[in-house]
2 protein chains.
Amino acid sequence: MVKVDKELPVAFEPAQPLRRPVSLGDEVYNALFARLMSLQIPPDSRIKIDVLARELGVSQTPIREALARLENEGLVVKTHLIGYRAASQLSAKQFEDLYDLRLLLEPYAAEKAAENMTPEVLDVLRGLEREMSAGEGDELAYGRFAQLDKRFHDVIARTAGNTLVEEALARLHTHVHLFRLMYHARVTGEAIKEHAALLAAFESRDGVEAARLMRTHIKKARARFAARLRQGAQP
Amino acid sequence: MVKVDKELPVAFEPAQPLRRPVSLGDEVYNALFARLMSLQIPPDSRIKIDVLARELGVSQTPIREALARLENEGLVVKTHLIGYRAASQLSAKQFEDLYDLRLLLEPYAAEKAAENMTPEVLDVLRGLEREMSAGEGDELAYGRFAQLDKRFHDVIARTAGNTLVEEALARLHTHVHLFRLMYHARVTGEAIKEHAALLAAFESRDGVEAARLMRTHIKKARARFAARLRQGAQP
DNA sequence: CTGGGCGAGATTGCATACAGATCGGCTGCG
DNA sequence: CGCAGCCGATCTGTATGCAATCTCGCCCAG
């Protein structure tokens with residue numbers, strides 16, 4: 001009981017001492033996650049446990065476990081005695097809520113990240129920015145841009161050093177990703193400029209400036225999608 | 001018992017067409033949640049599926065489902081081929097992270113709540129405050145105070161109208177609750193005064209003031225627990 | 001006599017197959 | 001055309017075999 005103080009620091013050690021074989025449930029989770037993210041399983045479509053079990057060649061137990069996890073993350077919804085189905089597309093209200101929350105978290109993350117910035121992380125961020133710039137103009141590669149952008153923000157969140165904030169943001173980003181795939185606003189040019197400005201703030205470790213830039217970045221991103229939404233863009 | 005939990009959702013979701021029979025998994029979840037919250041299952045202790053199955057008189061499937069949900073909420077952790085165990089007590093670092101996050105979310109929630117405040121919600125909040133004041137000085141009833149305080153904040157989060165923020169905060173509050181039970185700082189007097197001030201801001205629908213008051217309330221709460229932590233208080 | 005390494009039994013979770021219950025749709029009758 | 005009842009599909013929950021881990025006693029070296 002009093003060992004709490006001893007064990008907790010260990011939980012933060014970077015290296016995992018033992019590599020356990022992954023559970024089937026995890027594999028199923030990853031498979032489903034990928035299918036949802038690629039819209040291979042479209043929103044609102046039913047997800048049948050036994051079909052998946054046959055398809056993936058496993059029993060129903062790991063499927064259930066994976067679906068339970070996905071439900072908690074809001075990617076699928078469950079109705080008792082009816083079954084699971086992929087979550088609906090975000091409504092306008094949910095979209096606003098999501099960006100409000102991002103506006104609360106991401107500037108903070110940027111500020112902390114700027115303070116904790118290391119040359120290594122900076123290199124990673126520069127690399128991601130370079131890849132995003134390289135693909136500019138290529139409309140087909142938008143999915144790739146979205147992935148890189150997600151990574152960019154995830155790295156910042158991780159560098160901030162607050163695990164809870166990092167997890168909360170990771171959760172949001174998956175939804176943003178789905179939203180993007182449906183209403184793919186091809187406004188990568190602006191986003192790239194905003195990322196570059198952020199990088200400059202990170203280089204000089206200016207937390208206040210990084211927070212400010214992130215705030216405007218998120219606001220502008222929201223505005224870009226909101227315009228798209230009002231136009232009634234269809235997938 | 002105040003029907004806060006029942007009445008508020010109704011206000012936001014007017015018509016629930018059908019009351020489906022609750023699934024066993026949900027019941028198991030509630031049972032486990034209660035045991036964890038009451039420390040009947042202490043932190044770091046192993047949670048054996050088959051033992052629970054016999055104890056609750058159900059099979060292993062619903063137990064697994066409940067545990068999967070609890071894992072996503074961070075209340076239990078799973079190690080592949082080892083099993084589940086109750087989550088560890090928060091470390092000092094995690095405690096700081098948690099309060100940083102609360103500081104980001106709760107002032108925002110208070111501001112929005114003030115803007116959306118209705119007489120009905122105000123009544124509920126007043127009722128909760130009254131109950132908390134009534135129990136003042138009674139050390140044994142601290143667990144009860146903690147519950148009321150949690151409700152108080154939950155109602156505010158719900159009134160803010162941002163579901164994502166509400167969910168994020170709900171998640172944090174469960175951890176705060178556990179933390180409190182271990183290091184029960186009996187400083188209810190101060191908290192009650194801060195709640196009263198908040199109520200005044202809600203009455204006048206002053207969002208900016210509510211946000212400010214909430215910020216100081218959270219900061220002071222953090223300071224109260226931090227002092228307790230440094231003293232090395234034991235459960 | 002003490003301490004460390006090793007292995008077998010017991011324990012536990014993982015995965016599968018199966019039975020019961022419920023829902024939704026289809027068909028046929030009024 | 002509408003409604004009632006049946007049937008297939010599907011989910012929920014149970015029982016069981018299997019694989020991996022942990023525990024603890026044994027043996028051997030120092």
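Scope of the values below: all heavy atoms of this structure, side chains included, with no hydrogens, waters or symmetry mates. Below, chains carry the letters A, B, ... as their sequence lines are ordered, and counting in each starts from 1.
Checking dT12(C), dT10(D), dC14(C) against every side-chain atom of Lys48(A), the shortest atom distance belongs to dT10(D). Minimum atom distance to the side chain of Asp50(A) is reached by dC11(D), of the listed dT22(C), dA15(C), dC11(D). Distances from the side chain of Ile49(A) to the nucleotides dC14(C), dG24(C), dT12(D) place dT12(D) closest. For Pro62(A), whose side chain is taken as the heavy atoms from C-beta onward, the closest listed nucleotide among dA15(C), dC14(C), dT22(C) is dA15(C). Distance from the side chain of Leu24(A) is smallest to dA15(C) among dC23(C), dC14(C), dA15(C). Proximity note for His80(B) (side chain, C-beta onward) versus dT16(C), dG13(D), dC14(C): the nearest is dC14(C).
Taking atom CD of residue Glu55(B) and atom P of nucleotide dT12(C), one finds them 13 Å apart after rounding to whole Å. Taking atom CD1 of Ile63(A) as the reference point, atom P of dA17(C) lies 13 Å away to the nearest angstrom. Rounded to an integer number of Å, the gap from CZ of Arg64(A) to P of dT10(D) is 15 Å. To the nearest angstrom, C1' of dA17(C) lies 15 Å from CD of Gln60(B). Rounded to an integer number of Å, the gap from CD1 of Ile82(A) to P of dA9(D) is 17 Å. Residue Lys78(A) contributes atom NZ, which lies 9 Å from atom C1' of dC11(D) at whole-angstrom precision. Rounded to whole Å, atom P of dA9(D) lies 10 Å from atom CZ of Arg54(A). Between the P atom of dG13(C) and the CG atom of Leu67(B) lies a distance of 9 Å, rounded to the nearest Å.
Put simply, the side chain of Ser38(B) gets close to the backbone of Ala34(B): a donor and an acceptor are under 3.5 Å apart.
Of the charged side-chain nitrogens involved, none lies within less than 4.0 Å of a carboxylate oxygen, so that Glu71(A) and Lys78(A) do not count as a salt-bridged pair. Under the 4.0 Å criterion applied to side-chain N and carboxylate O atoms, Asp26(A) and Arg69(A) are assigned as salt-bridge partners. The existence of a salt bridge linking Asp154(B) and Arg158(B) is excluded, since no basic side-chain nitrogen approaches an acidic carboxylate oxygen closer than 4.0 Å.
OP1 or OP2 of dT14(D) has at least one side-chain nitrogen or oxygen of Ser59(B) nearer than 4.0 Å.
Relative ring orientation between Phe225(A) and Phe95(A) is described as perpendicular, the plane-to-plane angle rising above 60° on a 0-90° scale split at 30° and 60°.
Nearest-nucleotide positions on DNA chain C place Arg46(B) closer to the 5' end than the other of Thr61(B) and Arg46(B). Take the nearest nucleotide of DNA chain D for Gly57(B) and for Gly83(A): the residue whose nucleotide is more 5' is Gly83(A).
Within 4.0 Å of Ile47(B), counting heavy atoms only, lie sugar-phosphate atoms of the nucleic acid but no base atom. Note on Val58(B): only backbone sugar-phosphate atoms sit closer than 4.0 angstrom, heavy atoms only; bases stay farther off.
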